Colleague: 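Before anything else, here's the structure in question.
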Amino acid sequence: MKAIILAAGEGLRCRPLTLTRSKVMLPVANRPILEHVISSLETNGINEIILVVGYEKERIMNYFEDGLNFGVNIKYVEQKAQLGTAHAIEQAKKLISPEDSEFLVLNGDNLVEPKTIADLLNNYEGDASLLTVRMEDTAGYGVVLKEKKRVIQILEKRPGDLSHIVNTGIYIFTPQIFETIEKTPISENGEYAITDTLQLMIDEGKVITPIPTESKWLDAIHAWDLLKANSIVLNSSRNLTQEGELEEGVIIRGKVAIGKNTRIRAGTYIVGPVVIGENCDIGPNVVILPSTTIGDNVSIRSFTEIQNSIIMNDCRIYSHGQISNCVIGSNNTLGSGFTAEEKENLEININCRIHKAPKLGTIIGDDNRIGSRVLVKAGVMIAVNCQVESGNTIYRDLTRDSVVL
Ligand SMILES: CC(=O)N[C@H]1[C@@H](OP(=O)(O)O)O[C@H](CO)[C@@H](O)[C@@H]1O
């Protein structure tokens with residue numbers, strides 16, 4: 001069976017991290033979310049993959065190429081304008097032949113484990129099947145109403161507790177879906193939604209089967225949700241290998257992976273689950289606490305403490321830093337004494353709407369230069385290519401190319 005993976009969107013609510021990469025390329029345990037998705041498909045024997053790309057597509061294509069390094073065969077189609085999920089699927093029509101009696105569709109930015117896919121593959125039936133999960137808080141999702149073993153209505157992102165059965169956006173379709181996609185009307189927000197296509201099918205008397213799963217399905221809606229996804233993946237990972245060089249006096253507890261050519265200097269204390277990439281230089285006397293992921297080519301100097309955070313590739317973090325519940329993009333310099341204040345239950349304004357964050361320090365995009373003794377207030381974000389001179393306190397979000405003297 002072929003799989004169409006939707007990977008064309010930006011992921012606006014994950015800004016500033018998505019200013020320079022699409023949401024599918026955000027790393028969890030040092031691998032892009034999309035790589036976790038592809039690996040779950042491959043484990044289920046699905047290795048013919050059609051990737052629908054658009055925003056920042058080169059980054060995706062350069063990383064996955066033809067898929068051979070990931071055990072799959074990838075073909076790319078482009079969705080030039082972001083006109084919704086039905087429109088995205090339509091772009092793959094030319095690569096689905098009549099011999100493909102059915103095919104899988106899923107989002108490239110939702111983490112799934114192999115069992116999640118297997119639950120759908122082992123149970124699908126009817127004209128189309130849709131994988132569902134039960135969730136208390138369904139805000140931001142589509143929910144389904146069902147009767148016996150049929151979906152009778154899909155309600156897309158409506159307020160109120162209309163149903164707790166959430167549409168995961170993972171489907172099995174037959175090529176007939178393309179005929180209904182052509183008839184799908186444009187929605188109020190100017191998109192062609194696959195959920196509207198399914199509603200048309202229901203109205204025509206077709207059978208849409210909801211398939212419930214309790215296996216892992218995680219959507220990072222906001223940048224800070226990455227921390228939760230990272231923690232879940234790190235806690236469930238097995239076979240972590242330790243390469244690189246550990247100097248005398250390094251203490252390691254729990255599950256800790258260390259990449260090739262990484263040097264952990266004396267007196268460093270690491271409590272897993274923690275994943276550290278290749279070519280890093282860490283210590284002496286650095287403290288790394290659960291659940292932290294550190295990318296490749298990262299240097300961290302003495303007396304810095306990092307906890308429950310993601311540090312992406314090519315960062316330089318100088319001494320006496322305090323980094324907890326933070327996501328730091330790639331190629332950042334954080335001067336000595338960098339402190340991210342953290343708070344619980346923050347209310348964060350994204351595009352003029354308030355979003356609630358559980359416990360958060362800061363989110364920093366790529367390519368920023370932060371001087372020494374800088375304090376970033378809790379929940380404040382720094383975009384891309386900003387420069388902050390030493391001794392400043394950052395009270396408000398910094399947009400791209402900001403300079404704080
Ligand atoms: C129009 C559409 O396809 N909506 C889907 C889709 O929403 P997006 O906001 O497009 O990611 O994926 C959700 C799961 O992540 C699902 O709950 C919802 O029904």
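Owing to the predicted nature of the structure, the values given are computational and were not obtained by experimental measurement. Whatever order the structure lists ligands and atoms in, that order sets their numbers, starting from 1.
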Colleague: Purely on distance, is any nitrogen or oxygen of Gly142 under 3.5 Å from one on ligand 1?
Modeller: yes
Colleague: Name the one of Thr85, Val53, Ile50 that satisfies side-chain contact (heavy atoms from CB on, under 4.5 Å) with Leu6?
Modeller: Thr85
Colleague: So does Glu204 have more than 12 non-hydrogen atoms from other groups sitting under 6.0 Å from CD?
Modeller: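 Yes - once you tally the heavy atoms of other residues, nucleotides and ligands closer than 6.0 Å, there are more than 12.
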Colleague: Under 4.0 Å from atom 8 (P) of ligand 1, can you find at least one protein heavy atom?
Modeller: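 Yes, because at least one protein heavy atom sits under 4.0 Å from atom 8 (P) of ligand 1.
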Colleague: Taking both backbone and side-chain atoms of Tyr171, is any N or O found less than 3.5 Å from an N or O belonging to ligand 1?
Modeller: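 Between Tyr171 and ligand 1 (N or O atoms, distance only) the closest approach is not under 3.5 Å.
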Colleague: Can you tell me how far CD1 of Ile294 sits from CD1 of Ile300, rounded to the nearest 0.5 angstrom?
Modeller: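 If we round to the nearest 0.5 Å, Ile300:CD1 and Ile294:CD1 are 3.5 Å apart.
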Colleague: Give the numbers and elements of all ligand 1 atoms closer than 4.0 Å to a heavy atom of Asp219.
Modeller: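 Under 4.0 Å from Asp219, ligand 1 has these atoms: 15 (O).
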Colleague: Specify the protein heavy atom at minimum distance from atom 11 (O) of ligand 1: its residue, its atom name, and the distance to 0.1 Å.
Modeller: Asn107 ND2, 4.5 Å
Colleague: Can Asn332 and Asn368 be counted as having a side-chain donor-acceptor contact under 3.5 angstrom?
Modeller: yes
Colleague: Distance to 0.1 Å, residue and atom name: give those for the protein heavy atom nearest to atom 18 (C) of ligand 1.
Modeller: Glu156 OE2, 3.3 Å
Colleague: Polar-atom distance check: Thr85 versus ligand 1, any N or O pair below 3.5 Å?
Modeller: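 Looking only at distances, the answer is yes, because the N/O contact criterion of under 3.5 Å is met.
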Colleague: With a cut-off of 4.0 Å, which atoms of ligand 1 are near a heavy atom of Thr168?
Modeller: 14 (C)
Colleague: Give a yes/no verdict on whether any heavy atom in Glu191 is under 4.0 Å from an atom of ligand 1.
Modeller: no
